[in-house]
2 protein chains.
Amino acid sequence: MMNNTPITLKFLAEKLKMSVSTVSKALNNYPTINAYTKQRVQEMARELNFTPNKSAINLKEKKSRIIGVVLPNLLDHFFTRSIDGIEQVATQNGYNVIISQSHDELAKEIQSANMLLRSRVDGLIVAISKQTQDFAHLNQFEHMGIPVVYYTRNPSFNLSCHKVLGNTFQGCYEATKFLIERGHTKIAYLGGPKMTNFTHDRFNGYIHALKDNDVPFSAKFVAYTDFDKENTIAAIKNLFADPDHTPTALVAFKEPILFDAIKYLKSSNHPNFDKIESIGFGNNAFINYLDSPPIASIEENPESVGENAIKLLLRLITKEIDMKNHQKVMVDCKLVVHG
Amino acid sequence: MMNNTPITLKFLAEKLKMSVSTVSKALNNYPTINAYTKQRVQEMARELNFTPNKSAINLKEKKSRIIGVVLPNLLDHFFTRSIDGIEQVATQNGYNVIISQSHDELAKEIQSANMLLRSRVDGLIVAISKQTQDFAHLNQFEHMGIPVVYYTRNPSFNLSCHKVLGNTFQGCYEATKFLIERGHTKIAYLGGPKMTNFTHDRFNGYIHALKDNDVPFSAKFVAYTDFDKENTIAAIKNLFADPDHTPTALVAFKEPILFDAIKYLKSSNHPNFDKIESIGFGNNAFINYLDSPPIASIEENPESVGENAIKLLLRLITKEIDMKNHQKVMVDCKLVVHG
DNA sequence: AACCCTATTTCAAACGTTTGAAATAATGGC
DNA sequence: GCCATTATTTCAAACGTTTGAAATAGGGTT
């Protein structure tokens, strides 16, 4: 049952007693090839299950039809959902996707990048690791003429590059506004790691929503944390430190972190726990199972972010957009009210 | 800044005024090449940032150093975690991984398979879709001499193939035994879709644990569901239908389904809800946030399953194991007690 | 039947590597 | 200084495609 001679153009040509080029052109539907010849070739190809060798084609065409994706990890649903968007558009356009996780380590990111460079990817989509400060390993792609699109996590806003971002300003603005409209005036903001541009836009959205609705801002209602649970608890303790002036609502930069916060507040028997309404970024499916769920979620539309990233990348690959002409695409968030 | 002439062996050879083969051999550290020559070549290669063209190498070597992975989706943490294992071992051995989601649709799975075949992957790791009954699209790999390892979800147990599976029998046995040891005698079993081999081993584990510990089996305590919430609720209603004879514990085939079950039981104000102890397969990170969490989880060690799958595949690729000599690897589960 | 189109097929080079065989250079023995 | 080794480098073919240019075949026209 196992076929030992690999089915190549040459093999088909010999079987059909014609030249390799005729076979190639017949399969690629060249107009100069006789209709009957085409038919014969195509039939034989189907019969023998001919599959063109991509390496040979890539070598000839000087491209790989592979898109590289480097991202921190696949456990974060934001990233896995974004891959759905990337994969779909890529496949539609005949591209394969190689995904590589950096696990938020620079060393691993460099290794991934080099591996993808060797594979001669036609383009790269990156969400950088937390440790990434230097971009040599990513810049080398552009030096070789391979376009790079940064998505979500990207070099500080000053550095010019192609980027596709969730509109976290708008997302946070709408969440804050929603809480204000529900009557809250004491809305706390729980931000993420300061070093990344994780939190800057979100915070501005919060601030602007307060301002636009004449709700006074209080520095006491702002705290920062990261992905560590203990730090989140510390931040929450801080926000609720003054018993005469505790928040009645909370906006958080990421949902699992918000869950930690809620859990702590509940366990600490905060007197008005039931009244506190909260919103975080993410719209995690597990919200359904929480007893004290956030009142709403800021849906970041990761599929759409991924889709926009690959669409931009494809336009850079086809040179429809010049690589030097740096693009910035914003994808709006959507407030999803639960229950 | 952008380099236009691609850096190839030829280019290096011209710059160094030597032949292409010398350059190639110098870079590959051939013993016949003079040490000084090697040094000069390697320095120049580094300086010009030479990156060998993988397509050319693949063409020459008749292999791609790419492993294809086809799985239902990336939203299930079992699969994303298994990828961690696959990726790690693959990278260590110089292989790239192309992941393709079938979204549990046969048509998409066929498309993915064909795409990977064109890419001349050196091997394939598959978790089949729910719809897959016919295996022509996967068998063609083996016909071309490309080994295929099925993992987790695999053709019915009769069909011979290479497979790596979680030991769900043992997992379910231990969970049931654990509940018995905690004094339960009325333990319900909530199984998954019957058509897949999803549930067969699990159920046997449950049965054997009861038998080995002289706990009587009752058909009333067995119900089946799938990933649909309504069906789960219906199943739970059934299990708890007889008010004189309600289960005090529950073993479920998958965790998110168990969460649906718990949620329903809680909302239905079952009199002894607080006493009910439950265990499901998965060990989902979100358990931390549940108010009425399962007492334990059956950790399926997906990373290890992935690792075993790729390790087996690599041995098939190197022909250390003959493709015809079908292997079956079982990965034990681990009971993780919470709190 | 010589000629010219047009339709169709084939030639041949190229893509960037690898590698066994052949060629050349360097070394040492005498 | 010549020959035989050995060390080192180069040649040339191959991997499986694509594609412009060249060749050939098949008809018509006259």
Side-chain angles (χ1 to χ4, degrees), chain A residues 3-42 44-45 48-66 94 117-122 144-145, chain B residues 3-42 44-45 48-66 94 117-122 144-145:
Chain A
N3 204 330
N4 272 316
T5 38
I7 312 294
T8 65
L9 289 186
K10 195 172 154 204
F11 184 81
L12 289 183
E14 276 162 14
K15 264 210 119 90
L16 290 162
K17 297 192 194 312
M18 46 178 91
S19 78
V20 172
S21 29
T22 308
V23 175
S24 169
K25 286 174 179 171
L27 289 172
N28 288 309
N29 212 26
Y30 268 52
T32 67
I33 301 295
N34 181 285
Y36 177 59
T37 308
K38 278 185 194 170
Q39 193 196 317
R40 286 210 304 144
V41 171
Q42 280 160 9
M44 179 67 79
L48 297 183
N49 227 305
F50 168 74
T51 321
N53 184 315
K54 243 188 146 231
S55 294
I57 297 176
N58 294 342
L59 177 59
K60 190 83 231 298
E61 316 250 281
K62 291 167 175 253
K63 58 185 189 201
S64 63
R65 292 219 147 237
I66 294 178
L117 193 66
R118 269 195 300 284
S119 294
R120 290 283 190 283
V121 293
D122 290 346
M144 287 184 67
Chain B
N3 204 330
N4 273 316
T5 39
I7 312 294
T8 65
L9 288 185
K10 194 173 156 203
F11 184 81
L12 289 182
E14 277 162 14
K15 265 210 120 87
L16 289 161
K17 297 193 193 313
M18 46 179 89
S19 78
V20 172
S21 29
T22 309
V23 176
S24 170
K25 287 174 178 171
L27 289 172
N28 288 310
N29 212 26
Y30 267 54
T32 67
I33 300 293
N34 181 284
Y36 177 60
T37 308
K38 277 184 193 171
Q39 193 196 319
R40 287 209 305 143
V41 172
Q42 280 161 9
M44 179 66 79
L48 296 183
N49 226 304
F50 168 74
T51 322
N53 184 315
K54 245 188 145 232
S55 295
I57 297 176
N58 294 343
L59 178 58
K60 190 84 229 300
E61 316 249 281
K62 291 167 176 257
K63 59 185 188 201
S64 63
R65 292 219 148 236
I66 295 179
L117 192 67
R118 271 195 299 283
S119 295
R120 290 284 190 283
V121 291
D122 291 346
M144 288 183 67

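Letters A, B, ... mirror the listed sequences (proteins, then strands); counts begin at 1. Basis for what follows: all heavy atoms, side chains included, without hydrogens, waters or symmetry-related copies.
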Distance check needed: [N] [atom2] versus [X] [atom1], whole Å only.
{"X": "B:K63", "N": "D:dG16", "atom1": "NZ", "atom2": "P", "result": "15 Å"}
{"X": "A:N58", "N": "C:dT17", "atom1": "CG", "atom2": "P", "result": "14 Å"}
{"X": "A:L27", "N": "D:dT18", "atom1": "CG", "atom2": "C1'", "result": "12 Å"}
{"X": "A:L117", "N": "C:dG16", "atom1": "CG", "atom2": "C1'", "result": "15 Å"}
{"X": "A:N29", "N": "D:dT18", "atom1": "CG", "atom2": "C1'", "result": "15 Å"}

Checklist entry - What does nucleotides 6-15 of chain D look like as a protein-contact string, B for base, S for sugar-phosphate only, - for none, at under 4.0 angstrom between heavy atoms? => result --BBBB--BB
If you look at every strand shown and take non-hydrogen atoms under 4.0 Å, does [X] touch a base, only sugar-phosphate, or nothing?
{"X": "B:Y36", "value": "nothing"}
{"X": "B:F50", "value": "sugar-phosphate"}
{"X": "A:N28", "value": "sugar-phosphate"}

Checklist entry - Which distance, rounded to the nearest 0.5 Å, do you find between the OG of A:S55 and the CD1 of B:I57? => result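 Between atom OG of A:S55 and atom CD1 of B:I57 there are 10.5 Å.
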Item to check | Set of side-chain hydrogen bond (donor to acceptor under 3.5 Å, both in side chains) partners for A:E14, sequence neighbours left out | outcome: none
What pairs of nitrogen or oxygen atoms, one from the protein and one from nucleotides 24-27 of chain D, lie under 3.5 Å apart?
none

